[in-house]
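I have placed the structure first, in the form of structure tokens, so that the comments after it can refer back to it.
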Amino acid sequence: MYTLFPTSLLPCPPKSQSAFFPLKAKPPSSSFNSSFKLIYAQSPKPKTSQLSIISSVSTCEQTLSFNDWPQILQISIGSGDLFLGQAIHAFLVKTGSQNDAVPGNNLVNLYAKFGKLDDAQRVFDEMLVRNTITWTSLMKGYLQINDVESVFRIVSVMHKFEEEFNEHTISVILQACNTPGDWIRGEQMHGFVIKGGFEENVFVGTSLLSMYLRSGYLADAEKVFNAMAYKDVRCLNFMISEYGKMGHGEKAMDVFLHMLGSGLEPNDYTFTSIITACNGDIGVEVGRQLHGYSVKCALVSETSVGNAMITLYGKHGLVEESERVFYEMGERNLVSWTALLSAYVKNSDSEKALVRFLEVLDHGIYLDSSCLATVLDGCSECKNLELGLQIHGFVLKLGHLSDVNVGTALIDLYAKCRNLQSARMAFNGLSGKTIASFNAILAGFTEMDGNEEDDAMLLFSQLRLAGAKPDSVTFARLLTLSAGQACLLRGKSLHAYTIKTGFESDIAVGNAVITMYAKCGSIEDAYQMFSSMNDLDSISWNAMVSAYALHGQGNKAILLFQEMERQGFVPDAITILAVLQACNYSGLWEDGLFLFNEMEPKYGVRPAVEHFCCLVDLLGRSGHLSEAVDFINKSLFSDSPLLWRTLVHVCKLRGDLSFGKTASKHLLELAPEEAGSYILVSNMYAGRGMLEEAAKVRTVMNDLKVGKEAGCSWIEINNKVHRFVASGKDHPQSTEIYVTLDLLKAGMKYTPNDSTDLQLIWDPVPSQQHGRRLVDPQVW
DNA sequence: CTAGGGTTAG
């Protein structure tokens with residue numbers, strides 16, 4: 001049933017170059033070497049000179065038996081040696097069989113495999129008889145060069161000529177239906193599959209699975225999967241891999257166990273996919289067992305399995321395990337290196353990643369976009385803009401700028417390094433932005449803590465209009481921005497949006513909601529969020545303790561801190577700082593001091609400069625200025641302007657000039673370039689009526705030409721944000737505001753809490769005191 | 001005789 005097909009219906013590319021081997025007669029110089037085939041069979045990529053092929057071909061007629069050519073064509077395809085195939089083509093032309101069905105099919109297949117569709121098409125056109133195999137081979141060729149439209153043109157012509165479609169043909173066509181968004185053709189083909197009774201064929205089934213999964217129809221894919229009578233290793237591997245990519249580790253595991261249960265042998269693909277799937281909801285312990293099992297199956301030395309292990313351990317904070325796999329694996333490639341660098345970056349050891357990146361360069365490996373994106377991530381994680389700029393140069397030189405991961409990493413780098421202008425340029429220049437690119441530029445806005453919120457919301461609406469879906473990171477960052485701007489209305493509407501989209505249950509989003517409400521003034525809503533969350537992490541606790549601190553509810557902060565410990569969450573430096581601040585703002589200086597004394601011995605948290613600042617403030621506010629000075633001098637941070645500034649501030653509050661003068665001297669010596677220091681000192685004198693001293697400090701400041709950045713505060717009333725600059729008169733109601741302010745000032749009375757029974761037990765040598773309760777729980 | 005599914009790892 002062969003049909004001759006009119007070539008005019010098929011796309012016929014310009015025949016500029018002939019693929020036919022130039023058969024310039026070259027006399028046989030020697031007899032055909034009978035080991036010819038053997039050489040090819042043994043060496044995967046032999047280097048063959050044109051000359052030896054010509055001489056071989058010329059002797060084919062005499063020495064090569066006619067039936068040997070299909071095997072040599074296989075060798076040609078397998079070894080990537082097109083010359084050899086072309087030689088066989090020449091041989092077939094000479095024997096006059098090139099237009100017959102079987103030789104022709106082989107030649108169409110040959111050229112299709114090498115992506116030479118001009119040549120494949122030409123052989124096809126000149127064939128005298130064609131069958132299903134001819135058509136299928138040609139379609140496969142067009143598919144491989146991503147010419148999907150040609151595939152479907154062939155399908156319709158094939159149909160018109162009532163050529164037979166078999167399971168081979170169907171699976172090729174199904175692959176052509178993989179274009180995202182083009183599921184209609186796929187559904188039609190599925191109907192054809194059922195009608196033609198191809199449903200149970202494992203090849204067709206796998207192609208169908210792939211088609212549905214790539215279009216995002218998991219339920220349909222699962223229906224097909226369950227309907228398949230026989231599933232082989234490749235089909236199961238595919239399903240494991242796809243479940244893993246979707247984060248459905250448990251389902252991937254079910255398929256894996258099904259594979260073992262049905263007696264099929266897992267291969268390297270299987271292990272690579274199932275180990276990767278552990279990154280979802282399974283966890284590293286199962287991953288470890290799989291690692292062991294891969295040893296048993298003798299697949300642990302496979303590069304891709306090792307790479308998957310490096311990544312798995314890296315993602316779970318086990319960098320040393322990643323390193324061990326890296327050193328023990330047989331063969332490493334760029335992916336192995338990138339996985340290792342990524343493990344360092346993810347575990348906050350980007351410096352190491354950047355150092356080891358030099359080793360990659362030393363190896364002379366050609367860098368790809370994934371490796372560059374990882375290194376850029378490393379640069380932004382440790383804010384190494386200098387190296388980042390050099391990598392940006394690499395990116396340009398190697399032509400990877402259009403890669404979306406590289407582009408996003410560049411946005412992130414510039415955003416984290418507070419170079420918002422470059423971040424914007426990278427963002428605007430990136431085509432095919434993803435939600436990650438958007439999140440990266442948002443990080444820049446939050447990093448700048450300036451007035452970028454309107455820009456962020458504008459971008460957000462653009463993104464939604466473009467049909468992109470915000471993720472949990474987007475919401476967390478937008479909420480953080482609203483919190484920074486104390487924009488309650490916007491924060492609330494974002495909160496509503498997270499409820500609607502289901503992201504409210506995400507811990508990071510919930511934590512951002514807590515902080516947003518706290519910073520926008522609603523401690524009740526913050527607590528409402530905190531108490532309604534199903535999953536809490538230590539950041540949630542930190543957020544809520546900080547919220548109480550911010551609202552001056554010291555006792556609640558301390559009780560929450562104790563509850564946090566009771567529930568087994570480990571307090572970190574941020575928790576301790578929040579509780580210290582809470583104690584400070586609420587005048588619970590004894591509790592604060594007690595906590596400070598035991599933070600290192602009991603919680604293993606070494607006090608950082610922020611903790612010292614907080615304690616200086618606490619000591620000063622409670623009237624222990626002399627102890628505060630001692631404390632600073634004994635600390636590691638005695639040359640930090642931060643501590644002295646805090647002390648000046650507290651002296652100003654208390655109107656204590658004797659300590660104030662000492663503190664001011666230190667501050668202005670340590671930070672002569674900061675305008676804020678002069679203003680603070682000047683205000684301290686002015687506060688005590690010493691206007692001459694105040695003016696003197698200002699004169700020094702002006703003489704030194706120290707610039708001053710205006711401080712700014714704002715409040716939201718009736719959905720309108722009112723901004724105030726210190727001593728500013730821009731607000732339309734500023735006259736009334738100042739009058740009211742004076743009235744308030746007149747009514748205020750400062751009552752310092754001068755306790756005398758203070759015991760400063762802090763000492764650089766950790767104290768041994770443990771076990772005291774911070775406050776009586778009944779206070780709450 | 002010849003044609004078909006999964007290209008896994010960062």
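So you know, we letter chains A, B, ... as the sequences are listed, proteins then strands, and number each from 1.
Counting only N and O atoms by type, the side chains of A/Asn333 and A/Ser336 include a donor and acceptor under 3.5 Å apart.
The side chain of A/Asn237 lies closest to B/dG6 when the candidates are B/dG5, B/dG6, B/dT2.
Rounded to a whole Å, the CD atom of A/Gln74 is 7 Å from the P atom of B/dT2. For the pair A/Gln175 CD and B/dG4 C1', the computed distance is 7 Å after rounding to whole Å.
Note on A/Asn106: only backbone sugar-phosphate atoms sit closer than 4.0 angstrom, heavy atoms only; bases stay farther off. Using a 4.0 Å heavy-atom criterion, one finds that A/Val233 contacts no nucleic acid atom at all. Base contact: A/Tyr269 has a heavy atom under 4.0 Å from a base atom. Counting non-hydrogen atoms under 4.0 angstrom, A/Thr374 reaches nothing in the nucleic acid. Contacts of A/Glu302 with the nucleic acid, taken as non-hydrogen atoms under 4.0 Å apart, are absent.
Under the ring-ring contact (aromatic ring centres under 6.0 Å, His included) criterion, the residue pairs touching residues 342-380 of chain A are A/Trp337-A/His363, with sequence neighbours excluded. For residues 265-290 of chain A, the pairs satisfying salt bridge (charged side-chain N to carboxylate O under 4.0 Å, His left out) are A/Glu285-A/Arg288, A/Arg288-A/Glu321, with sequence neighbours left out. Residue pairs meeting the salt bridge (charged side-chain N to carboxylate O under 4.0 Å, His left out) criterion with at least one member in residues 354-380 of chain A, sequence neighbours excluded: A/Arg356-A/Glu359. Among pairs with a residue in residues 224-234 of chain A, none fulfils salt bridge (charged side-chain N to carboxylate O under 4.0 Å, His left out), at least two apart in sequence or across chains.
A salt bridge is absent between A/Arg324 and A/Glu320; no separation between the charged side-chain nitrogens and carboxylate oxygens falls under 4.0 Å.
For the contact set between residues 333-344 of chain A and DNA chain B, defined by any heavy atom under 4.0 Å, the members are A/Asn333, A/Leu334, A/Val335, A/Thr338, A/Ala339, A/Ser342.
At B/dG4, one or more side-chain N or O atoms of A/Lys113 fall inside 4.0 Å of OP1 or OP2 (strictly under the cut-off). Between A/Lys140 and B/dG5 there is a side-chain N or O to OP1 or OP2 distance below 4.0 Å. OP1 or OP2 of B/dA3 lies within a sub-4.0 Å distance of a side-chain N or O belonging to A/Asn109.
Contact of A/Asn201 with B/dG4 (side chain to base): a donor-acceptor pair of N or O atoms is detected under 3.5 Å.
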Solution key, residues 392-401 of chain A side-chain donor-acceptor pairs under 3.5 Å, sequence neighbours excluded:
residue	atom	partner	partner atom	Å
A/His392	ND1	A/Tyr414	OH	2.7
A/His400	NE2	A/Leu367	O	3.4

